[in-house]
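Step one of this worksheet: look at the structure below.
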2 protein chains.
Amino acid sequence: MGTGGLSLSRDDAAQPPAAADGVEPVFTITDLAREFAVTSRTLRFYEDEGLLHPLRRGTTRLYSRGDRARLAWILRGRAVGFSLADIRDLLDMYAPGKARRPQLEAALGKSRERISALMDQRAAIDATIAELEHFCRTIEQKL
Amino acid sequence: MGTGGLSLSRDDAAQPPAAADGVEPVFTITDLAREFAVTSRTLRFYEDEGLLHPLRRGTTRLYSRGDRARLAWILRGRAVGFSLADIRDLLDMYAPGKARRPQLEAALGKSRERISALMDQRAAIDATIAELEHFCRTIEQKL
DNA sequence: AGTCTGCTTGACGTGAACGTAAAGGTGAGG
DNA sequence: CCTCACCTTTACGTTCACGTCAAGCAGACT
C-alpha cells in the first residue's frame, strides 16, 4: 500500500512524486508553487484567467506533467514581458491544431510580430548590458 | 529677429529647433512626447517620480539635450522591463560622480546584478524566439 | 477685445497582476 | 473526537504606470 496508491498524504505530496511504476506524476498546487517560486494564489489566478486547467479530485487541484510544462511556458512568457492575455493567446494558438487555413495564417502573422518585437527587445537588452558594463569598468578604474 | 531668438512660438517649437548659431536646442514637452511616442502626461509623471528635471521658463517646461538623452535612457530601461524606481536608481548612480568608496562599490554590485539578470532575460528571449520560429515553420509546412 | 492653442496643476479613474484576510471543507495522526 | 495542516472560494485591498477630466493661465492671431 505504501508505494503505489495516489495517496496525496502530506509525505507523498510534499516532494514532486517520483512516479513509481510508470504512474503519471501528479503535483499539488504547493508542489508547483515551490518548484517555480510563485505563490499558490498565482496559480489559482492563472487558472481563473484561463492559462491553466488542472484536474480536480473533489475540489483539490491536481496538476499533470502537461500542466507543469505549461506553467513553465507561462512563466517564461512573463519573464520576457508578455501580459497574461498575450500568453493565453499564444498558448491557445499552440494547442488545438485547428487546421482552418485563415486561423493558421493569422497565427503565423501574430507569431512573426512577436518574434520581431522580441528581437527589438533583445537589442535593447544588449545595449543596456553594454552600457552597464562600460559603467562597471569606469568604476573599477576609480578603485 | 526671425531666426535667432528663442521664441518658442508654435512654429518654432513644433519641430525640434534647429539650433541656429550654436544655441543649445530646447524642446517643449510636446516635442519630446511626439519624438518618443509617449504622452505629455507620461513626461510629467516621470518628472514627479524624479526621473526628469527640465528647466522652467515661468511654469513651462524646457527640455535640454541632456534631458532628451535621459528620456531615451528611461524609455529603453522601460523597454527591457525595469520599473521606474529601478530606472531612477540607475540614473542616480550614473549621475553625480560621488567618489565615496562604499558608494562606488555598492553601485558596482548593483550594476553586476542587473547585468546578470539581463543576461538571464536575454536567454529567455532567445528561447522564446526559437520556439516561436519552430512554431512558424510547423505552420508553414501545413500550408 | 475675444478667441484659440498649448501649457500648467490637481485630483480621481483604470487595468494588470497579484496580495491578503475571512470563512469553511477534508483527511491523517494522537 | 479533536487538532493540525492543507486545500477551497469569495471578496476586498494594493502597487505600478499611467489615462482622463477639470479649471485656469499665457502668448499669439483676427
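Proteins get letters first, then strands, A, B, ... in listed order; numbering begins at 1 in each.
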| Between C/dT26 and A/T60, is there an OP1 or OP2 to side-chain N/O distance shorter than 4.0 Å? | no
| Please give, in whole Å, the distance from D/dC6 P to A/Y63 OH? | 16 Å
| task | For atom CD of B/E140, decide whether the heavy atoms of other residues, nucleotides or ligands shown that lie under 6.0 angstrom number more than 12. | result | yes
| note | Rounded to whole Å, CG of B/L32 lies from C1' of C/dC7 at a distance of 14 Å
| query | Taking everything shown except A/H53 itself, do over 12 heavy atoms lie less than 6.0 Å from its NE2? | reply | yes
| query | Can you tell me how far P of C/dA16 sits from CG of A/D89, to the nearest Å? | reply | 12 Å
| remark: To the nearest angstrom, the CG-C1' distance between B/D48 and C/dA11 comes to 12 Å
| Cationic tip of B/R114 within the cone over B/F82's six-membered ring, i.e. under 6.0 Å and within 45° of the normal? | yes
| said: With a 4.0 Å cutoff (strictly under), does any side-chain N or O of A/T28 reach OP1 or OP2 of D/dC7? | reply: yes
Protein N or O to nucleotides 12-17 of chain D N or O, pairs below 3.5 Å:
{"unit_1": "D/dA17", "atom_1": "OP1", "unit_2": "B/L84", "atom_2": "N", "d": "3.0"}

| field | Atom-to-atom span, CD1 of B/I29 to P of C/dG6 - whole angstrom | value | 14 Å
| Do you know which two heavy atoms are closest between A/I139 and B/A107, and how far apart they sit? | CD1-CB, 3.9 Å
| task | Could you give me the CA-CA distance, side-chain angles and deciding distance for B/Y46 and B/R78, then say whether side-chain hydrogen bond (donor to acceptor under 3.5 Å, both in side chains) is met? | result | CA-CA 12 Å; B/Y46 289 173; B/R78 186 181 71 167; 3.3 Å; yes
| message | As a test of understanding, state which of B/R88, B/R70, B/R56 forms a salt bridge (charged side-chain N to carboxylate O under 4.0 Å, His left out) with B/E47. | response | B/R56
| request: Would you indicate, yes or no, if D/dT9 has its OP1 or OP2 atom less than 4.0 angstrom from a side-chain nitrogen or oxygen of A/T59? | output: no
| query | What nucleotide, of D/dT8, C/dT8, D/dC7, holds the atom closest to the side chain of A/T30? | reply | D/dC7
| task | Would you please confirm or rule out a distance under 4.0 Å between OP1 or OP2 of C/dT8 and any side-chain N or O of B/R61? | result | yes
| Which part of the nucleic acid does B/S40 contact within heavy-atom distance under 4.0 Å: base, sugar-phosphate only, or nothing? | nothing
| request: Mind calculating the distance between CG (A/L52) and C1' (C/dC18) to the nearest angstrom? | output: 15 Å
| request: Send over the distance from B/R56 CZ to C/dT8 P, rounded to a whole Å. | output: 6 Å
| field | Ionic contact status for B/D31 with B/R68, cut-off 4.0 Å | value | no
| task | Grab the CG-C1' distance between B/L43 and C/dT9 for me, whole Å please. | result | 16 Å
